[in-house]
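FYI, side chains are in, hydrogens and waters are out, and symmetry mates aren't considered; it's all heavy atoms of this structure.
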Amino acid sequence: MHQNDGVSFTSSSSLKIPLPSSLLSPSQTLASQLAGTRHLAFQLIDSLRIGSNYVYVKDHSTPSCTVSAQSVLGSASNVTTSPLFCSASLSFASEKHGTGRSPSPLLNSASLSLTQQDSTELTHDGHLATAGRVKEERVLVSEVLIRNKDGEELERKELEMEALTALKACGANSALTTREVQEDVDRIIDSGYFSSCTPVAVDSRDDIKLVFQVEPNQDFHALVCEGANVLPSKFLEDAFRDRHGKVINLKRLDEVISSINGWYMDRGLFGLVSGVDIVPGGIIRLKVSEAEVNDISVRFLDRKTVEPTKGKTKPDTILRQLTTKKGQVYSMLQGKRDVDTVSAMGLGNVSILPQPAGDGKVDLIMNVVERPTGRFSAGAGISSGITSDPLSGLFGSFAYSEKNFHGKNQKLNVSLEKGQIDSTFRINYTDPWIEGNDRRTSRTITVQNSRTSGTLVHGSQQDNSSLSIGRVTAGVEFSRPLRPKWSGTAGLFFQRAGARDEKGNPIIKDFYGSPLTASGKPYDNMLLAKLESIYTGSGNKGSSMFAMNMEQGLPVMPDWLYFNRVNARASKGVKLGPARLLLRLSGGHVVGNFPPHEAFAIGGTNSVRGYKEGAVGSGRSHVVGTSEVSLKLLGPVQGVIFADYGHDLWSGPNVPGNPAGARNKRGSGYGYGIGVRMDSPFGLLRLEYAFNDRFSKRLHFALGQPK
């Protein structure tokens, strides 16, 4: 290989970083150049061998690079800046030879300028050529050194090691091309520690040394972050804490910016780092763009044409359900929760559409396709309070419901259930959010007239006659969320209850002479104050649940009942591979003067299976535990194995008239068995076959989840 009097590779860069995606853009591959220029360059190299005497000089100015970025906020920004690598040159210079012969003008001045162009090139005779077709000349270097821009050793040896580690092609005693040197220049810049790198070949006649003259980045001393209103300052402090006083590493900076963008993405927030700059003094300036909610509106769409139309629901009724408010940074996750909340109102299909509003803000449009909210329905069911023939517990129902009364999502239900024994007429009016209340308090007004079987406590009469309990109830209750996963209810109800025989006549004692009312009159009057608190786990079906309620009888009138009843229940589901274990526990206690038919009845489909309804016992106290293991069998069908246990805690004799003792109820018992369940349009169908501790067996059929 011929020696050259002087060979130098030069590269320049600027440290302007317009966008986070550009942080690593210093590594840019040299683009194609005019093939004619390349052809003449090789003629130039050949002239060094044969002494040709013509000169070819072509100057290229360094072009500027324009970067256009489209942010997730919907706004585009154009920044014009010089890239870290937009040009490179290969130059040859000669020294005077000992012969005194004047060197060729070609050796005095020649340059090869490489600029970023398309990959298709133009030869000197006007024909197209593809870059890379001409074999590049190699230069043998004996040693590779890292120096500062003044050619001196770096003060920080760790930076020198970082630069040497980044090299791949360049090494001692290696033959290199312009492309390979440029690629190693890119790798040094890609290490993130340096703002510029200039490779220079030094010819000492005996050999050629390749020196990379680098300029390290500034030391990091301060951070300025603009526009980050919701990003925690501690997050930024932790990200930059260990970098203070150290050389700014652009790769590390890019990772920090990615983590900032990831913080916004993980929370569904419309935000990102839109600009980065490093200013003198080692100050990093980050510009964060956050999309604030400018306006929220409701748009009703026709069900058939999907065109805007007038809706029945008042827009304020929908807007007050949203947790997203004007002026806050828009969160997609929060928007999804808002859509779920509005969908749960039962008004129809709901979606949310963000629209750019300018100035980095966003408008939210809530699209609502309303469905008819009023309807009539009819159905059938089985009462769980029938102890004789289960078929006698069949009842039919007819109801009218309106889910958007007055366009305020208020609900009105009028229903009638009629069976051979049980019957219920109910009017129920619910305002799910009282206007003017900021705690999402709901109000429910109920009027009900019901008749249910009295055999739960008093059993079948010896003369095969039956009795029923009639109740007239009217009251109001208020409910609202107390804290996440907790809700509370408070109410006040008036109730008038009494027993009737098969002919509908009032009675005050049963066949055994046990009283049927607490006051000794045909009817008991009571004013009940109710408090209840409910905890639900994840909200999924079968998740953890705990509920406690208390009813207090208020003796407003001298003959009104005065008592206190507390009841609690809890359940927990646990996965066991493909199966699922469900544990349930309930218990309660009542003190004061209360009617016997209000005692806790133990036994039956929703208590201890294997027994008739209330056949285990009835008392002032009770505890019932249940364990079930269920397994999916085929489609919607599940198989279940269960075991139940109940006890009246020896409180049966304390019930007025001791109805359990008169009927020889033991007060405790257990049952176990198997069953199948299937989801249906009517609810969960349950068919269970159980055995009890008295070696009896019983088939249970019910609709709905176990209570």
Side-chain angles (χ1 to χ4, degrees), residues 381-395 417-424 449-471 495 497-518 522-524 588 590 594-620 622 624 644 646 648 651-669 671 688 690 692 694 696-703 706-707:
I382 297 179
S383 173
S384 62
I386 307 302
T387 61
S388 55
D389 183 7
L391 295 179
S392 62
L394 285 172
F395 65 86
E417 297 177 356
K418 181 65 176 177
Q420 298 184 51
I421 298 176
D422 292 357
S423 65
T424 302
N449 187 351
S450 65
R451 183 170 65 112
T452 59
S453 173
T455 57
L456 281 174
V457 174
H458 297 279
S460 299
Q461 307 286 38
Q462 287 286 351
D463 56 359
N464 292 325
S465 63
S466 62
L467 59 87
S468 61
I469 307 298
R471 296 179 178 87
Q495 180 175 291
R500 294 177 179 269
D501 60 17
E502 290 179 326
K503 297 179 180 180
N505 299 318
I507 54 176
I508 59 175
K509 291 186 178 182
D510 63 10
F511 178 83
Y512 295 95
S514 300
L516 297 175
T517 60
Y523 297 97
D524 288 324
V590 59
F594 74 104
H597 57 77
E598 294 290 348
F600 296 108
I602 307 172
T605 303
N606 292 312
S607 181
V608 180
R609 285 160 286 192
Y611 282 91
K612 294 181 180 181
E613 302 297 326
V616 174
S618 56
R620 282 181 176 264
H622 88 292
V624 175
D644 307 320
D648 66 1
S651 63
N654 298 326
V655 177
N658 189 14
R663 291 160 177 81
N664 297 318
K665 296 181 180 180
R666 299 174 60 187
S668 66
E688 298 159 342
N692 64 27
R694 290 191 173 187
S696 298
K697 50 186 179 293
R698 186 172 182 82
L699 183 66
H700 298 271
F701 178 74
L703 290 173
K707 298 179 181 178

*asked:* Please give me the minimum heavy-atom distance between Ala518 and Pro595, naming the atom from each residue.
replied: CB-N, 3.7 Å
*asked:* If the condition is salt bridge (Lys or Arg N to Asp or Glu O under 4.0 Å), which residues does Glu417 pass it with, not counting sequence neighbours?
replied: none
_Least distance between heavy atoms, Pro515 atom then Lys509 atom_ = CA-CG, 4.2 Å
*With sequence neighbours left out, which residue pairs that include part of residues 599-609 fulfil the salt bridge (Lys or Arg N to Asp or Glu O under 4.0 Å) condition?*
Arg609-Glu628, Arg609-Asp644, Arg609-Glu688
_Is any side-chain heavy atom of Asn692 closer than 4.5 Å to one of Val608?_
no
*asked:* Using 0.5 Å steps for rounding, measure from the CG atom of Asn658 to the OG atom of Ser651.
replied: 10.0 Å
*Mind checking the CD1-CG spacing from Ile508 to Asp524? Nearest 0.5 Å is all I need.*
10.5 Å
*Considering all heavy atoms, the nearest Pro596-Val457 contact*: O-CG1, 3.6 Å
*Considering residues at least two apart in sequence or located in another chain, which fulfil the salt bridge (Lys or Arg N to Asp or Glu O under 4.0 Å) criterion with Arg451?*
none
_If I compare all heavy atoms of Arg698 with all of Gly610, which pair ends up nearest, and what's the gap?_
CB-O, 4.0 Å
_Heavy-atom side-chain contact between Ile602 and Lys665 under 4.5 Å_ = no
*Are any of the side-chain heavy atoms of Thr605 and Glu613 separated by less than 4.5 Å?*
yes
_Under the rule for salt bridge (Lys or Arg N to Asp or Glu O under 4.0 Å), what residues qualify as partners of Arg500, not counting sequence neighbours?_
none
*Check Tyr512 against Ala662 and note the closest heavy-atom contact, atom names and distance.*
CE2-O, 3.8 Å
*Rounded to the nearest 0.5 Å, what separation is found between the CG atom of Leu467 and the CG atom of Asp510?*
7.0 Å
_Listed partners of Tyr611 passing ring pair (Phe, Tyr, Trp, His ring centres under 6.0 Å), at least two apart_ = none
*Do you know which two heavy atoms are closest between Pro656 and Phe594, and how far apart they sit?*
CG-O, 3.9 Å
*State the CD1-CD distance between Ile421 and Glu502, to the nearest 0.5 angstrom.*
8.5 Å
_Residues which pass ring pair (Phe, Tyr, Trp, His ring centres under 6.0 Å) with His597, listed by chain and number, not counting sequence neighbours_ = none
*About how many Å separate OG of Ser453 and CD1 of Ile469, when rounded to the nearest 0.5 Å?*
8.5 Å
*First locate atom CZ of Arg663, then atom OG of Ser514, and finally report the distance between them rounded to the nearest 0.5 Å.*
5.5 Å
